[in-house]
Amino acid sequence: MKVDFISLADFTRADVESMLDDADRLKSDLKAGKSQRPLVGRTLAMIFEKPSLRTRVTFETGIKQLGGASVYLAPEDIRLGARETVGDIARNLSRWVDLVVARTFSHRSLLELAQHATIPVINGLTDLLHPAQVLADLQTMRERRGSLEGATVAFIGDGNNVVNSWLNAAALFQLNFRLACPQGYEPDAKILARAQSLAPGRIEIVTDPSAAAQGADVLYTDVWTSMGQEAESQARRAAFAGYQINARLVDVASKDVLVMHCLPAHRGEEITADVLDGPRSVVLDQAENRLHAQKAVMVWLSARSQPGA
Ligand code: CP
Ligand code: NVA
């Protein structure tokens, strides 16, 4: 038996709370200079079909801090599904390494990898979801607010992979989640419907950024053009022109608002530089917490998976 980290929707609230508690503990231990090496002798394979700064560095650094090692596999190294099938790659990796993190274009490739691997597979971002990001975001919100209870998150921009994972998180923690997006850029319909049924009255999709931002505890944004959508960037720049987090939007949110962005940011597009670098911004805490949250995920999955099963 092995447990994967594909979607926050696969876990209970208690599971995710336990990952967040572990992440907090790993963070304070690291800062106190206390070494935590529960994964000595374990290896993480890292399959990346897309570029990355944060995800790659935090997984590589994380496994090393836990006592393990990593192997980075760039797109040209394995050519996922082209040089050999995803299933064959999964079966081979399962004989050598103990964990896999994969950043794929298609979510289906990640599911296929997980289906054929006998070791835990971790989602490092797909076109559909980015749960490792949202786990670190939840850790950041808990740190800054003390708890997630009653929080209102306003996401301004594209109904993309980060939004889909936020919808799953909102359903788990009964958060109020408002997305302001232009028509045609709504999140995945199935994920939205599931979240709305699990958190009735808490999930809203609107077109007006000010309406979404009104009194919000968190103002969140992401790039208008995600990796793989580059051909649409001109059309997207036009569609999202009014969907910028700037000082005016921050003013309509709660006075203690946390400004969040998963990064990389396009300064002057989805967010102004003064807000990104300003006193309400917690974007570097989010980036830092990727390290701690993902270490928690690797430990959590390893503890619940039977090696070699
Ligand atoms: N936020 C995030 O996943 O960053 P990278 O694309 O740099 O990994
Ligand atoms: N939505 C973005 C997130 C990057 C971390 C993308 O998929 O490119």
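Order of appearance sets the numbers: ligands from 1, and atoms from 1 within every ligand. This chain uses plain numbering: 1 for the first residue, then up along the sequence. Since the model is a prediction, treat every value here as computed from it, not as a measurement.
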Just checking, is any N or O donor in the side chain of Asp15 or Thr12 under 3.5 Å from an acceptor N or O on the other one?
yes
In terms of residue, atom name and distance, what is the protein heavy atom nearest to atom 6 (O) of ligand 1?
Arg103 NH1, 2.8 Å
For Leu263, counting its heavy atoms only, list the atoms of ligand 2 lying under 4.0 Å from any of them.
5 (C)
At under 4.0 Å between heavy atoms, what of Leu125 touches ligand 1? The answer is neither
More than 12 heavy atoms from other groups under 6.0 Å of CZ on Arg304:
yes
Sole candidate of Gln294, Gln133, Arg290 that passes side-chain hydrogen bond (donor to acceptor under 3.5 Å, both in side chains) when paired with Thr55:
Arg290
How far is atom 8 (O) of ligand 2 from its nearest protein heavy atom, and which residue and atom is that?
Met227 N, 2.8 Å
I'd like to check which ligand 2 atoms, numbered from 1 as shown, lie under 4.0 Å from a non-hydrogen atom of Asn160.
1 (N)
Short side-chain to backbone donor-acceptor contact, Asn123 and Phe5, under 3.5 Å
no
Would a line drawn from the ring center of Tyr243 to the ring center of Tyr185 be shorter than 6.0 Å?
no
For Asn161 versus Ser226, what's the shortest heavy-atom pair and its separation?
OD1-OG, 4.2 Å
Do any N/O atoms on His130 end up under 3.5 angstrom from N/O atoms on ligand 2?
no
Is any side-chain heavy atom of Asn92 less than 4.5 Å from a side-chain heavy atom of Ile89?
no
State whether Tyr72 and Arg56 meet the cation-pi test: NZ (Lys) or CZ (Arg) under 6.0 Å from the six-membered ring centroid, and within 45° of the perpendicular axis.
yes
Is Arg56 close to ligand 1, meaning an N/O of one under 3.5 Å from an N/O of the other?
no
Which of the listed options, Val223, Asp222, Leu128, Asn161, holds the heavy atom that is closest to atom 7 (O) of ligand 2?
Asn161
Below 3.5 angstrom, do we get any N/O pair linking Cys262 and ligand 1?
yes
For His130, is the nearest heavy atom under 4.0 Å from an atom of ligand 1?
yes
As an exercise, identify every atom of ligand 1 less than 4.0 angstrom from a heavy atom of Arg290.
1 (N), 2 (C), 3 (O)
Output the list of atoms in ligand 1 that are nearer than 4.0 Å to some heavy atom of Leu53, sorted by atom number.
5 (P), 7 (O), 8 (O)
Quick check on contacts: which atoms of ligand 2 are under 4.0 angstrom from a heavy atom of Leu125?
3 (C), 4 (C), 5 (C), 7 (O)
